[in-house]
Amino acid sequence: LQQGKLEAAIPHLERAQAIDPANYANSYDLAVALLQTGKLDPAREQVRRLLSAKETGELHNLLGDVEERAGNLVAAAEEYQRAAHMDPTEDHLFDWGNNLVQLRAFEPATDVFSAAIARYPKSARLHVGLGIAQYSRGQYEDAVKTFCRAADPAPTDPRAYQFLGEM
């Protein structure tokens with residue numbers, strides 16, 4: 001798994017799970033490997049099994065990743081929202097806001113990114129997400145300011161500059 005040989009790791013992870021089904025770390029790694037190899041139905045089942053034993057923001061976010069990869073953006077948004085409410089990490093908030101942008105729900109995305117930035121004011125990617133949501137709503141002046149703010153904490157991160165250049 002650590003060598004990136006996911007297909008080869010899956011049978012071993014499945015065997016380990018059969019030996020100790022309560023081992024969270026192994027079960028989580030199996031779900032991630034299934035997701036990353038495109039085995040979405042088994043990945044979804046694996047995450048749901050884990051959720052039935054222990055409900056965490058991490059697992060809801062992972063299920064959001066599975067649903068997003070499967071093209072179920074509304075189901076993904078629900079899972080990302082649950083994850084962000086349970087455990088409002090920068091990653092969970094970003095995933096939720098980003099998914100809302102994909103759904104073209106720009107106003108809620110703006111709200112999510114704004115609240116996330118209040119928690120993580122130095123996050124360049126949250127600022128970029130907010131800038132994209134603002135631009136998509138026609139708030140061009142606000143978007144430019146937000147992209148400029150995104151460049152402040154991470155001046156070597158090209159994302160803000162790319163969006164500013166395209167605007």
*Asks:* For Gln81 and Leu100, run side chain to side chain contact (heavy atoms under 4.5 Å, CB included): C-alpha distance rounded to whole Å, both residues' side-chain angles, the deciding distance at 0.1 Å, then the answer.
*Replies:* CA-CA 10 Å; Gln81 181 179 12; Leu100 290 170; over 6 Å; no
*Asks:* Taking it one step at a time, do Gln162 and Arg159 satisfy side-chain hydrogen bond (donor to acceptor under 3.5 Å, both in side chains)?
*Replies:* CA-CA 5 Å; Gln162 289 170 336; Arg159 291 176 291 193; over 6 Å; no
*Asks:* Do the side chains of Leu13 and Asn26 get nearer than 4.5 Å, heavy atoms only?
*Replies:* yes
*Asks:* Is there side-chain contact between Met86 and Glu58, with heavy atoms separated by less than 4.5 Å?
*Replies:* no
*Asks:* Is Asn72 reaching over with its side chain to a backbone N or O of Ala75, donor-acceptor style, under 3.5 angstrom?
*Replies:* no
*Asks:* Does anything in residues 32-86 form a ring-ring contact (aromatic ring centres under 6.0 Å, His included)? List the pairs, not counting sequence neighbours.
*Replies:*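 Sorted result for residues 32-86: His85-Trp96.
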*Asks:* Would you call Arg48-Glu45 a salt bridge at under 4.0 Å N-O?
*Replies:*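 Salt bridge flag = no for Glu45 with Arg48.
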*Asks:* Please tell me if the side chains of Cys148 and Leu164 come closer than 4.5 Å, counting only heavy atoms from C-beta onward.
*Replies:* yes
*Asks:* Mind checking what makes side chain to side chain donor-acceptor pair (under 3.5 Å) contact with Arg44, not counting sequence neighbours?
*Replies:*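 So Arg44 forms a side chain to side chain donor-acceptor pair (under 3.5 Å) with Asp41, Glu67.
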*Asks:* Which residue pairs pass the salt bridge (charged side-chain N to carboxylate O under 4.0 Å, His left out) test with at least one member in residues 83-112, sequence neighbours excluded?
*Replies:* Glu90-Arg125, Asp91-Arg125
*Asks:* Leu50: which other cluster members, linking ILVMFWY side chains closer than 4.5 Å, directly or transitively?
*Replies:* Tyr24, Tyr28, Val32, Leu35, Leu40, Val47, Leu51, Leu59, Leu62, Leu63, Val66
*Asks:* Rounded to the nearest 0.5 Å, what's the gap from CZ on Arg69 to NZ on Lys39? Could you check?
*Replies:* 11.0 Å
*Asks:* Can you name the closest pair of heavy atoms from Ser27 and Pro21 and give their distance?
*Replies:* OG-O, 3.8 Å
*Asks:* Have Arg49 and Gln46 got a donor and an acceptor in their side chains that come within less than 3.5 Å?
*Replies:* yes
*Asks:* Are Gln102 and Glu68 close enough that a side-chain donor and a side-chain acceptor fall under 3.5 Å?
*Replies:* yes
*Asks:* Decide yes or no for Phe94 and Phe113: does some side-chain heavy atom of the first lie under 4.5 Å from some side-chain heavy atom of the second?
*Replies:*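 Answer yes - side chains close enough.
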*Asks:* Drop me the distance from Asn61's CG to Thr89's OG1, to the nearest 0.5 angstrom.
*Replies:*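 One finds 6.5 Å between CG of Asn61 and OG1 of Thr89.
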*Asks:* CD/Gln134 to OG1/Thr146 distance, rounded to the nearest 0.5 angstrom?
*Replies:*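 Rounded to the nearest 0.5 Å, the CD-OG1 separation comes out at 3.5 Å.
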*Asks:* Which heavy atom of Ala160 sits nearest a heavy atom of Ala150, and at what distance?
*Replies:* CB-CB, 3.8 Å
*Asks:* Measuring from Leu30:CG to Gln17:CD, what's the distance to the nearest 0.5 Å?
*Replies:* 5.5 Å
*Asks:* With a cutoff of under 4.5 Å between side-chain heavy atoms, which Ile, Leu, Val, Met, Phe, Trp and Tyr residues group with Tyr161?
*Replies:* none
*Asks:* Can you run down the ring-ring contact (aromatic ring centres under 6.0 Å, His included) pairs that involve residues 127-154, sequence neighbours left out, and say none if there aren't any?
*Replies:*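 Those involving residues 127-154 are Tyr135-Tyr140, Phe147-Phe163.
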*Asks:* From Gln2 CD over to Asp29 CG, what is the distance, rounded to the nearest 0.5 angstrom?
*Replies:*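 Rounded to the nearest 0.5 Å, the CD-CG separation comes to 9.0 Å.
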*Asks:* Which pair of heavy atoms, one from Ala133 and one from Ala109, lies closest together, and at what distance?
*Replies:*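 Minimum heavy-atom separation between Ala133 and Ala109: CB-CB, 4.1 Å.
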*Asks:* Indicate the atoms forming the closest heavy-atom contact of Asn99 with Ala77, along with that distance.
*Replies:* OD1-CB, 2.8 Å
